[in-house]
Engineer: 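Here you go, one structure.
Each ligand, and each atom within it, is numbered from 1 in the order the structure gives.
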Amino acid sequence: MATIVIIRGDGIGPEVVEEGLKVLKAAARKVSLALEFQEALLGGAAIDATGDPLPEETLHRCKQADAILLGAVGGPTWDSHPREKRPEQGILGLRKALQLYANLRPVRLFPSLLEASPLKREVIEGTDFIIFRELTSGLYYGTPRGIDKSGDEERAVDTLSYTTSEIARIARLAFQAAEGRRKKVSSIDKANVLMSSQLWRRVVMHVAQEFPGVTLEHMLVDTCAMQLIRNPCQFDVIVTENMFGDILSDEAGAIAGSIGLLPSASLGGAGGLYEPIHGAAPNIAGTGQANPIGTILSAALLLRYSLKQQQAATTIEAAVEQVLAQGYRTPELEQPGTELVGTQRMGDLITRAVETA
Ligand code: IPM
Ligand code: MG
C-alpha cells in the first residue's frame with residue numbers, strides 16, 4: 001500500500017489540500033488503489049507547534065513515504081523571524097533533504113480558459129510546455145550567505161553556485177522528457193554575465209550529445225521572460241537554474257490565466273513532493289476563495305509519477321477540464337457568463353466528475 005504524507009501548511013494551504021485530497025481519494029477509489037495517509041507539519045504551522053519549520057518527525061515521515069502532497073507555507077506572522085526560522089526554510093530544507101533536484105512545472109492551457117489569460121487568444125493558443133527547474137542548488141542554497149556590518153555599512157551576500165553533476169542530472173531529465181514530447185529543449189541562463197551560467201551552458205551542451213534527436217537552444221533569461229509573453233507556443237521543455245525557474249514559472253502561471261492553476265512535481269530522490277506553484281496567499285486565506293486546481297492537478301502528477309497510475313492521473317486532469325468547460329470558476333477567473341464557485345464547491349465538482357468518469 002502506498003503511503004502519502006499530507007502537509008497542509010499555512011494560509012490557503014489547508015483549504016486547497018483538503019480539496020486535493022478529496023479528488024485524490026476519489027481517483028484512487030476509481031482504480032481500486034489503496035492509499036494510506038499521514039499528516040505532517042511544515043512551515044509556519046510547524047514553527048508555531050514545535051519552534052522548527054522542518055521538525056524531525058516530519059522529515060522522518062517524508063523519508064518513509066511514497067509521496068508527499070503539500071499546500072503552501074509562509075505568511076506575515078513569521079516575516080520578522082530570522083532566516084532559519086522562517087516557514088520557507090521548511091520547504092527548502094525538505095527539498096534538499098529528500099534530494100528533489102528536479103521541479104517539473106507543466107504549463108498547459110485549458111481551452112475554456114483562453115479568454116481568462118491577460119494575453120490575447122492568438123498569442124497563447126497551443127501553449128504547452130514544461131519547466132524543469134533545478135531545485136536543490138543555485139542561489140537558494142549557495143554559501144557563503146549572510147549580512148555583515150562594518151560601522152554603519154551593511155553588506156549582504158548570496159552565492160550562486162553549481163557543479164557539473166548538479167547541472168548534468170537536471171539537464172538529462174529535461175532531455176528525456178523532450179524525447180517524449182516535441183523534442184526541443186530551451187536552456188535558460190545568463191551566460192553573457194554569470195560564470196555559473198557559462199558552466200551551465202557548457203554542461204547542457206555536453207549532455208545534449210546523448211540526445212541527438214532533441215534540438216537544444218540556449219536563451220538568456222531576460223529574453224526568455226520576454227518570449228514567454230510574445231510567443232509562449234515556441235517552448236516545449238525549458239530547463240533552468242533554481243531562481244530563474246521560480247521567476248519564470250510565476251510568469252507562466254499568468255499566461256495560463258491564474259497562478260492558482262499550476263501544479264508541480266519535485267523529483268530526483270526517493271518519493272516525490274507535489275505542490276501547487278502558488279504561495280500561501282494570506283490575503284485570501286480562510287475566505288474560501290482560493291483556487292484548488294493547482295493542488296488537484298498536483299495530486300494527478302503524484303498519481304502519474306510516484307504511483308505510476310497513469311489512468312487515475314488522466315481522469316483527474318479530464319475532470320478539471322470538464323468542470324472548467326461547464327463554466328465553473330473561482331473568483332480570480334470569473335468572467336461574464338461563468339458561474340462563481342468557492343474552493344470547496346470547486347473541489348466537490350471535480351470529485352464528482354472523477355467519480356462519474
Ligand atoms: C515556489 C515558491 C517557493 C520557492 C518559496 C515558498 C520558498 O515560490 O515553490 O515557487 O521560491 O521555491
Ligand atoms: Mg515561486
Engineer: Examine the side chains of Gln234 and Gln227 and answer whether a donor and an acceptor come within less than 3.5 Å of each other.
Structural biologist: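 Their side chains do contain a donor-acceptor pair, which is all the 3.5 Å distance test asks for.
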
Engineer: What do you reckon, does Met243 put a non-hydrogen atom under 4.0 Å from ligand 1?
Structural biologist: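 False for this residue.
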
Engineer: So Tyr162 and Trp200, would you call those rings parallel, tilted or perpendicular, with 30° and 60° as cut-offs?
Structural biologist: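 Rings of Tyr162 and Trp200: perpendicular, over 60°.
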
Engineer: Please determine if Arg145 and Asp158 form a salt bridge, counting it only when a charged side-chain N lies under 4.0 Å from a carboxylate O.
Structural biologist: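 Looking at Arg145 and Asp158, the cut-off is met.
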
Engineer: To the nearest 0.5 Å, what is the distance between SG (Cys62) and CD1 (Ile7)?
Structural biologist: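 Here the rounded value is 4.0 Å.
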
Engineer: Are any of the side-chain nitrogens in Lys22 or Glu18 under 4.0 Å away from the carboxylate oxygens of its partner?
Structural biologist: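 Here Lys22 does not pair with Glu18 in a salt bridge, since their nearest N and O are not under 4.0 Å apart.
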
Engineer: Please determine whether a side-chain nitrogen of the Lys or Arg among Glu122 and Lys120 lies less than 4.0 Å from a carboxylate oxygen of the Asp or Glu.
Structural biologist: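 Judged by the 4.0 Å cut-off on N to carboxylate O distance, Glu122 and Lys120 do not form a salt bridge.
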
Engineer: Return the option from Glu275, Glu88, Arg105 holding the heavy atom at the smallest distance from atom 1 (C) of ligand 1.
Structural biologist: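 Going through Glu275, Glu88, Arg105 one by one, Arg105 has the nearest heavy atom to atom 1 (C) of ligand 1.
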
Engineer: In Asp246, what N, O or S atom is nearest to the Mg ion (ligand 2), if we give its atom name?
Structural biologist: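 Going through the N, O and S atoms of Asp246 one by one, OD1 ends up nearest to the Mg ion (ligand 2).
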
Engineer: Where on Arg133 is there a heavy atom closer than 4.0 Å to ligand 1, on the side chain, on the backbone, on both, or on neither?
Structural biologist: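 For Arg133, only side-chain atoms sit under 4.0 Å from ligand 1.
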
Engineer: Tell me: protein heavy atom nearest atom 10 (O) of ligand 1, and distance?
Structural biologist: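 Of every protein heavy atom, Asp246 OD1, 2.8 Å lies nearest to atom 10 (O) of ligand 1.
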
Engineer: Give me the nearest non-hydrogen protein atom to atom 3 (C) of ligand 1 as residue plus atom name, then the distance to 0.1 Å.
Structural biologist: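 Atom 3 (C) of ligand 1 sits closest to the protein heavy atom Arg95 NH2, 4.0 Å.
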
Engineer: Take every heavy atom of Gln89, measure it against each atom of ligand 1, and state whether any distance is under 4.0 Å.
Structural biologist: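 Heavy atoms of Gln89 never come under 4.0 Å of ligand 1.
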
Engineer: Please write down residue, atom name and distance for the protein heavy atom closest to atom 11 (O) of ligand 1.
Structural biologist: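 Result: Tyr140 OH, 2.5 Å.
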
